[in-house]
Amino acid sequence: MDLIQTIIIAIVEGLTEFLPVSSTGHMIITQNLLGVEQGNEFVHAFTFIIQFGAILSVVCLYWKRFFMPNAETLRLYKLLIIGVIPAVIIGLAAKKSGLLDWLLDSVWVVAVMLIVGGVFMLFCDKLFEERNKAFKEGKKEIEVTPRRAFFIGLFQCISVIPGVSRSMATIVGGMANRLTRKRAAEFSFFLAVPTMAGATLLDLLDVLKGDSNWATRENLQLLAVGCLVSFVVAFFAMKWFVGFLTKYGFKAFGWYRIIVGGIILAMLLSGMSLNMVD
């Protein structure tokens with residue numbers, strides 16, 4: 001990977017990390033389009049570690065929720081610990097079995113899941129319309145409880161499949177528990193912090209235990225640039241997303257997923273190369 005490829009992929013990560021379109025799926029597609037070699041240690045590490053920059057934007061944007069010394073902050077920590085438990089169990093199992101690495105190398109999986117998730121999102125707002133209507137009519141907004149946090153954490157496990165979208169899975173999990181779109185989206189952001197921080201830490205530990213020949217000065221500099229770019233882009237994308245989702249819902253993202261997934265799938269079925277730089 002070179003600097004231009006790093007910046008482009010980091011922008012894609014920052015834009016898509018908190019949108020219900022699958023950041024991992026978009027990074028895999030972008031890497032293929034840019035001709036980035038798949039399957040090597042640095043690309044795998046980069047795909048996970050770069051997301052750390054994006055999740056730091058959550059901490060900065062909602063710093064009062066994370067660092068104010070009060071009962072609400074402690075309650076949030078408790079909910080996040082409960083919510084991340086399913087992802088720890090499923091994520092470790094997928095990584096240990098090698099399933100995660102296989103999924104990360106499959107553009108086919110990404111394309112199919114983008115389409116499947118997109119079709120679901122076309123009807124998602126209708127499915128939860130009554131819950132949103134109740135909130136708009138002035139009924140008290142439902143809070144995230146430990147039971148709801150664990151349920152949302154179970155939904156998050158689906159996103160181990162590239163193309164599903166961690167954001168979509170957790171927001172849908174929250175709305176299935178009668179949370180408003182805004183509250184479900186915000187808890188999805190919060191839950192990303194321990195989830196992605198843990199995934200990044202595990203990846204770093206694997207690197208330290210395994211062959212770290214890829215960790216050259218140049219590659220570490222690319223990682224630093226990628227994290228910085230994804231942080232800045234994600235910060236602004238997240239602020240925009242909350243307002244857009246609250247006002248318009250999921251349908252636009254559903255159509256976007258179907259179009260992108262359909263184009264990629266058509267290219268794969270026709271035997272066309274996704275590499276745009278050859």
Side-chain angles (χ1 to χ4, degrees), residues 1 5-34 36 38 43-59 61 87 91 94 100-101 103-107 109-118 121 155-173 185-186 188-200 202-203 223 225-242 244-245 250 252-254 256-261 264:
M1 289 176 61
Q5 290 173 327
T6 297
I7 292 174
I8 293 174
I9 295 169
I11 291 173
V12 171
E13 158 58 21
L15 285 173
T16 59
E17 178 60 45
F18 301 108
L19 304 185
V21 296
S22 178
S23 62
T24 303
H26 275 70
M27 279 196 288
I28 292 171
I29 291 172
T30 304
Q31 288 166 4
N32 277 270
L33 291 174
L34 294 175
V36 175
Q38 298 296 293
V43 173
H44 274 305
F46 184 87
T47 303
F48 281 105
I49 295 173
I50 195 178
Q51 296 177 83
F52 187 70
I55 64 171
L56 283 180
S57 65
V58 180
V59 179
L61 186 60
L100 192 57
D101 289 339
L103 289 171
L104 286 172
D105 288 334
S106 177
V107 184
V109 172
V110 173
V112 171
M113 294 314 299
L114 280 173
I115 295 171
V116 172
M121 291 172 72
F155 267 71
Q156 181 174 240
C157 294
I158 305 171
S159 65
V160 72
I161 306 172
V164 169
S165 171
R166 192 205 63 82
S167 176
M168 183 190 78
T170 49
I171 293 173
V172 168
E186 288 182 341
S188 171
F189 299 160
F190 299 153
L191 191 56
V193 175
T195 303
M196 301 314 301
T200 301
L202 282 176
D203 203 59
L223 277 175
V225 170
C227 286
L228 178 61
V229 172
S230 67
F231 168 84
V232 174
V233 176
F235 185 88
F236 293 102
M238 184 168 41
K239 294 180 69 174
W240 169 84
F241 174 57
V242 173
F244 184 92
L245 182 67
F250 283 106
F253 297 109
Y256 170 80
R257 290 175 62 110
I258 292 170
I259 292 170
V260 172
I264 299 300

Compile the donor-acceptor pairs under 3.5 Å between side chains in residues 8-18 and protein atoms, sequence neighbours left out, one pair per line.
| from | atom 1 | to | atom 2 | distance (Å) |
| --- | --- | --- | --- | --- |
| T16 | OG1 | V12 | O | 2.6 |
| E17 | OE1 | S23 | OG | 3.0 |

Is there side-chain contact between V242 and F189, with at least one heavy-atom pair below 4.5 Å?
-> yes
With the side chain counted from C-beta on, respond yes when M121 and P20 share a heavy-atom pair under 4.5 Å apart, and no when they do not.
-> yes
Measure the spacing between CG of L223 and CG of L228 and express it to the nearest 0.5 Å.
-> 12.5 Å
Where F52 and I55 come nearest, the two heavy atoms and their spacing = O-CG1, 3.1 Å
Measure the shortest side-chain to side-chain distance between V193 and F190 over non-hydrogen atoms and say whether it is less than 4.5 angstrom.
-> no
CD1 (I7) and CE (M1) are apart, to the nearest 0.5 Å, by 10.5 Å
Shortest non-hydrogen pair, A54 vs S230, comes out as N-OG, 3.5 Å
Can you measure from CZ (F253) to CG (L245) and round to the nearest 0.5 angstrom?
-> 6.5 Å
Least distance between heavy atoms, I50 atom then T47 atom = CG2-O, 3.7 Å
So do L19 and W240 actually touch side chain to side chain, heavy atoms under 4.5 Å?
-> yes
Atom pair CG/CD1 of L114 and I259 - distance to nearest 0.5 Å | 12.0 Å
Does any non-hydrogen side-chain atom of I264 lie less than 4.5 Å from one of I29?
-> yes
Do the side chain of R257 and the main chain of V116 share a donor and acceptor less than 3.5 angstrom apart?
-> no
So how far is it from F250 CZ to M168 CE, rounded to the nearest 0.5 Å?
-> 8.0 Å
On a heavy-atom basis, the closest approach of A185 and F241 is CB-CE2, 4.4 Å
Looking at CE of M238 and OG of S57, how far apart are the two atoms once the value is rounded to the nearest 0.5 Å?
-> 3.5 Å
Shortest non-hydrogen contact from Q5 to L34?
-> NE2-O, 3.0 Å
F244 CZ: over 12 foreign heavy atoms closer than 6.0 Å = yes
Shortest non-hydrogen pair, P162 vs I28, comes out as CB-CD1, 4.0 Å
Do the side chains of R166 and S188 get nearer than 4.5 Å, heavy atoms only?
-> yes
